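All values derive from a computational prediction rather than experimental measurement.
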2 protein chains.
Amino acid sequence: MATRILVVEDERPIREMLTFVLVQHGFESIEAEDFNTGLDKLAEYSPTLVLLDWMLPGGSGIQFARKIKQDEFSKDIPIIMLTARGEESDKVRGLEAGADDYITKPFSPKELIARIKAVLRRVPGAHLEEEIIINGLRLDPVSHRVTAYQDDLSLGPTEFKLLQFFMTHPERVYSREQLLDFVWGTNVYVEDRTVDVHIRRLRKAIAPHGHDALIQTVRGSGYRFSAK
Amino acid sequence: MATRILVVEDERPIREMLTFVLVQHGFESIEAEDFNTGLDKLAEYSPTLVLLDWMLPGGSGIQFARKIKQDEFSKDIPIIMLTARGEESDKVRGLEAGADDYITKPFSPKELIARIKAVLRRVPGAHLEEEIIINGLRLDPVSHRVTAYQDDLSLGPTEFKLLQFFMTHPERVYSREQLLDFVWGTNVYVEDRTVDVHIRRLRKAIAPHGHDALIQTVRGSGYRFSAK
DNA sequence: GCGCTGTGTGACGGTTTTGTTACATCATGA
DNA sequence: TCATGATGTAACAAAACCGTCACACAGCGC
């Protein structure tokens with residue numbers, strides 16, 4: 001799924017330029033030209049990030065930021081504010097109001113994208129950072145490593161993701177379609193049987209200490225990862 | 001080598017308490033009771049951080065901060081100021097004068113240490129004063145040198161920073177983007193692939209004794225420095 | 001046992017990612 | 001100013017990975 005970015009900017013040419021750059025880099029752009037439209041679209045689309053012009057008519061940029069940061073449902077959405085050169089005092093107020101970064105106009109597309117990515121990188125949760133150990137099979141998301149007792153198992157990116165999914169969702173059957181959804185990602189056009197092949201590769205990779213038995217085939221339904 | 005902290009505080013009980021807490025947490029404390037002593041010790045010990053009482057007799061705390069921030073040799077030394085509760089205006093003036101953070105008295109040892117660590121984390125290289133040795137590869141941040149057993153290895157500035165980052169953050173995968181953030185700096189916009197080239201240069205530089213194997217490629221994710 | 005369906009497995013071609021080199025540019029100091 | 005070294009990027013080579021297929025094998029109802 002593409003990352004949704006809400007662009008709140010009153011000047012149409014700039015707004016369209018922003019959308020152009022964003023879309024070109026694979027983001028989804030949602031435009032809003034004023035405070036109220038912005039709030040509506042915020043609620044409607046719950047974007048991943050907000051690009052906010054600081055010079056909205058009536059100086060409502062700062063209000064908008066406050067609104068976002070106060071609301072329970074949107075307070076974690078990062079804000080990047082757009083300021084004109086030299087508006088140093090605004091910058092300070094902006095950061096105080098909860099902006100996560102700022103960009104001084106004029107800026108290059110490259111800079112814009114870089115900052116967006118930098119902010120997004122800082123935000124997403126550390127939820128997936130815990131290591132998991134099941135029956136002596138250890139998966140560490142941080143070092144991106146799988147170990148069985150003392151030795152390092154080597155698996156490709158897809159096998160790793162597949163195993164990570166299984167280990168975080170054990171004791172449950174998943175159909176090939178579901179696995180494609182969760183591991184490969186939604187709307188990827190790939191054959192069901194591809195899952196079989198990766199299951200095979202994964203089993204082979206974790207076989208050295210017999211962990212291949214953890215991945216069980218449920219005939220007619222799919223696969224299950226189970227320690228029992 | 002322990003991190004040196006200069007404590008500039010006129011009240012002896014507080015000063016000694018600070019030293020006690022600092023030493024207990026593995027820091028080295030250098031005490032100064034007034035402006036002039038402070039400057040002397042600053043020059044003599046070049047501490048990593050300054051803990052500065054804002055209420056020095058004659059209000060010279062602010063002068064002290066300015067002095068530090070103006071001098072070429074000390075301007076990068078972070079300052080944490082100690083303020084009494086409610087001295088809001090001082091806080092503002094303090095931050096303007098170059099303080100990096102402030103703590104309101106009374107504070108708990110825990111808070112003090114937390115803030116010191118937070119500040120040190122922001123100051124590049126400050127907490128990295130100690131030499132690091134991993135698998136016989138030795139990096140000395142002070143002399144800016146890398147040695148493998150008896151050999152001196154020669155690496156360029158970027159390679160050095162990259163290695164330093166890796167050695168202080170081992171056993172963890174970093175994406176190219178993250179490495180650009182941490183090693184090159186947040187607002188530098190260069191291609192992802194540039195990282196590859198520097199990885200290559202770094203590997204080559206540390207290869208003489210086989211240390212290139214410490215830098216591992218994690219396909220699809222980035223690179224990892226690992227002694228395992 | 002037989003036929004049918006579902007799964008295991010090895011191999012292949014194409015694609016993506018990474019390694020490596022070369023080169024133009026930039027910075028620095030003599 | 002020139003020389004030197006460092007840097008970023010492009011281009012090509014090599015390696016890893018992916019999805020698919022063909023065929024073998026296993027489970028199951030008859």
Arg203(B) side chain to Ile215(B) main-chain N or O, any donor-acceptor pair under 3.5 Å?
yes

Does Glu159(A) offer a backbone N or O that forms a donor-acceptor pair with the side chain of Arg201(A) under 3.5 Å?
no

Would you say the side-chain atoms of Thr158(A) and His198(A) include a donor-acceptor pair closer than 3.5 Å?
no

Looking only at side-chain atoms of [X], point me to the closest of [options].
X         : options                  : result
Arg193(A) : dG8(C), dG19(D), dT9(D)  : dG8(C)
Glu159(B) : dC18(D), dT7(D), dT9(C)  : dT7(D)
Asp196(B) : dT20(C), dC17(D), dA6(D) : dT20(C)

[atom1] of [X] versus [atom2] of [N]: gap in Å, rounded?
X         : N       : atom1 : atom2 : value
Leu179(A) : dT7(C)  : CG    : P     : 12 Å
Leu180(A) : dT20(D) : CG    : C1'   : 13 Å
Phe160(A) : dC17(D) : CZ    : C1'   : 16 Å
Ile199(B) : dT7(D)  : CD1   : C1'   : 15 Å
Lys204(B) : dT20(C) : NZ    : P     : 9 Å
Gln216(B) : dT18(C) : CD    : P     : 15 Å
Arg201(B) : dT9(D)  : CZ    : P     : 11 Å
Glu191(B) : dC23(C) : CD    : P     : 21 Å

Nearest nucleotide by nearest heavy atom, which residue falls closer to the 5' end of DNA chain D, Arg219(B) or Leu155(B)?
Leu155(B)

Whichever of Ser154(B) and Val195(B) has the more 5' nearest nucleotide on DNA chain D, that residue is Ser154(B)

Phe225(A) vs Phe166(A) aromatic rings, parallel, tilted or perpendicular, using cut-offs 30° and 60°?
parallel

Phosphate oxygens OP1/OP2 of [N]: is one of them under 4.0 Å from a side-chain N or O of [X]?
X         : N       : value
Tyr223(B) : dG19(C) : yes
Thr217(A) : dG8(C)  : yes
Trp184(A) : dC18(D) : no

Heavy atoms only, 4.0 Å cut-off, all strands: where does Arg176(A) land among base, sugar-phosphate and nothing?
sugar-phosphate

Look at all strands and tell whether Arg203(A) reaches a base, only sugar-phosphate, or nothing, counting heavy atoms closer than 4.0 Å.
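Since only primed, P, OP1 and OP2 atoms lie under 4.0 Å of Arg203(A), the category is sugar-phosphate.
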
Are any non-hydrogen side-chain atoms of Arg145(A) and Gln216(B) less than 4.5 angstrom apart?
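A side-chain contact exists here, since the closest heavy-atom pair is under 4.5 Å.
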
